[in-house]
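Numbering of ligands and ligand atoms starts at 1, following listing order. Atom set for the values below is all heavy atoms of this structure, side chains included, hydrogens, waters and symmetry mates excluded. Throughout, residue positions are numbered sequentially from 1 according to the sequence presented.
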Amino acid sequence: MNNVQKEYAKLARKYDEKWHFYVEATLQETLKRIEFHSGERLLDIGCGTGALLAVIEKRYPDTILAGVDPTREMLDIAGRRLSKKVHIEQSWAESLPFETETFDVIVFCSVFHYIRAPLIALKEVIRVLKPAGRVVITDWCDDYITCQICDLFLRVFNKAHFKTYRKKEFYQLLSSSGLDDIEIDGYKVNWFWGMMTATACKNASALIHE
Ligand SMILES: C[S@@+](CC[C@H](N)C(=O)[O-])C[C@H]1O[C@@H](n2cnc3c(N)ncnc32)[C@H](O)[C@@H]1O
């Protein structure tokens, strides 16, 4: 088990209760920015206990859903919460167990600050997205002072944490991975949590020039 798995194995049983406000708020902000069309395939990377997938499953019953997470204890809870139609699998963002061009939409919610090889993860996203597929990423935003403090604290005291990003830095990261049509919204869900949601597209410019 690595540090992320140790951290979330410990937290899994209490995660939904302890983080209820935060998960509900970030999930709603993320959902607002996901565009679905009937019958599309969606992957939630770092799906944890399956909170986002559960809402999507209820709201859009004809969407084909999958979730991955490296922490078995989080996935066990997701498995109990979701219907058998949702495919969940133990995996890291950096190495996705799916064929090329499988998904229309890929979501990360409160996961990116753990990812140690972000460019490799984004290349994997691009690989498994269909042409013109969309990615939606919600995470803490280092443009807010409270998040900068939180990031510094966790870098010292929490071995699972990796780093948070400013909007400008995150834009550059997404752009250098090859994603197009990047937009990043910053917002606060309460006085403490300064967040951002990024949306981007695979091959948007190629499609326009076809
Ligand atoms: C804060 S929880 C978020 C869970 C869920 N997305 C939510 O919004 O409630 C972070 C999750 O990211 C997972 N995670 C951490 N590093 C990851 C990585 N490199 N690839 C995929 N998932 C990762 C953890 O196991 C954990 O379940």
Proximal atoms of ligand 1 relative to [X] (non-hydrogen, under 4.0 Å):
| X | value |
| --- | --- |
| Thr71 | 25 (O) |
| Gly48 | 4 (C), 27 (O) |
| Met74 | 27 (O) |
| Ile115 | 19 (N) |

Using a 4.0 Å heavy-atom cut-off, which part of [X] comes near ligand 1: side chain, backbone, both, or neither?
| X | answer |
| --- | --- |
| Cys47 | backbone |
| Trp92 | both |
| Ala51 | neither |

Which residue holds the protein heavy atom closest to [atom], what is that atom called, and what is the gap in Å?
| atom | answer |
| --- | --- |
| atom 20 (N) of ligand 1 | Ala93 N, 2.9 Å |
| atom 1 (C) of ligand 1 | Tyr8 OH, 3.0 Å |
| atom 22 (N) of ligand 1 | Pro70 CD, 3.1 Å |
| atom 13 (C) of ligand 1 | Asp69 OD2, 3.4 Å |
| atom 7 (C) of ligand 1 | Tyr15 OH, 3.5 Å |
| atom 16 (N) of ligand 1 | Tyr114 CB, 3.4 Å |
| atom 19 (N) of ligand 1 | Glu94 OE1, 3.1 Å |
| atom 4 (C) of ligand 1 | Gly46 O, 3.4 Å |

Q) Would you find more than 12 non-hydrogen atoms of other residues, nucleotides or ligands less than 6.0 Å from Arg13 atom CZ? A) no
Q: Taking atom types as modelled, find out whether Glu29 and Thr138 have a side-chain donor-acceptor pair closer than 3.5 angstrom.
A: no
Q.
Checking Thr49 against Arg81: is there a side-chain donor and acceptor pair closer than 3.5 Å?
A. yes
Q) Closest heavy-atom contact between Asp143 and Lys167? A) OD2-N, 3.0 Å
Q | Intermediate values then yes/no, ring-ring contact (aromatic ring centres under 6.0 Å, His included), Phe192 and Phe21 | A | CA-CA 12 Å; Phe192 186 79; Phe21 165 79; over 10 Å; no
Q. On the ring face of Tyr165, is Lys163 found with NZ or CZ under 6.0 Å from the centre and within 45° of the axis?
A. yes
Q) If you measure from the Lys or Arg side-chain nitrogens to the Asp or Glu carboxylate oxygens, is any gap between Asp76 and Arg72 under 4.0 Å? A) yes
Q.
Salt bridge check, Asp104 against Arg41: does any charged N sit closer than 4.0 Å to a carboxylate O?
A. no
Q: Answer with yes or no whether Val4 contacts ligand 1, where contact means a heavy atom under 4.0 Å from a ligand atom.
A: yes
Q. Judging by distance only, is a nitrogen or oxygen of Cys109 under 3.5 angstrom from one on ligand 1?
A. yes
Q) Taking both backbone and side-chain atoms of Asp44, is any N or O found less than 3.5 Å from an N or O belonging to ligand 1? A) no
Q | Beyond-backbone contact of Tyr15 with Ile77, side-chain heavy atoms, under 4.5 angstrom | A | no
**Q.** Leu129 side chain near Ile106 side chain, heavy-atom distance below 4.5 Å
**A.** yes
Q: Determine the sole option in Leu122, Thr197, Val125, Val107 for which the side chain to side chain contact (heavy atoms under 4.5 Å, CB included) test with Ile137 is passed.
A: Leu122
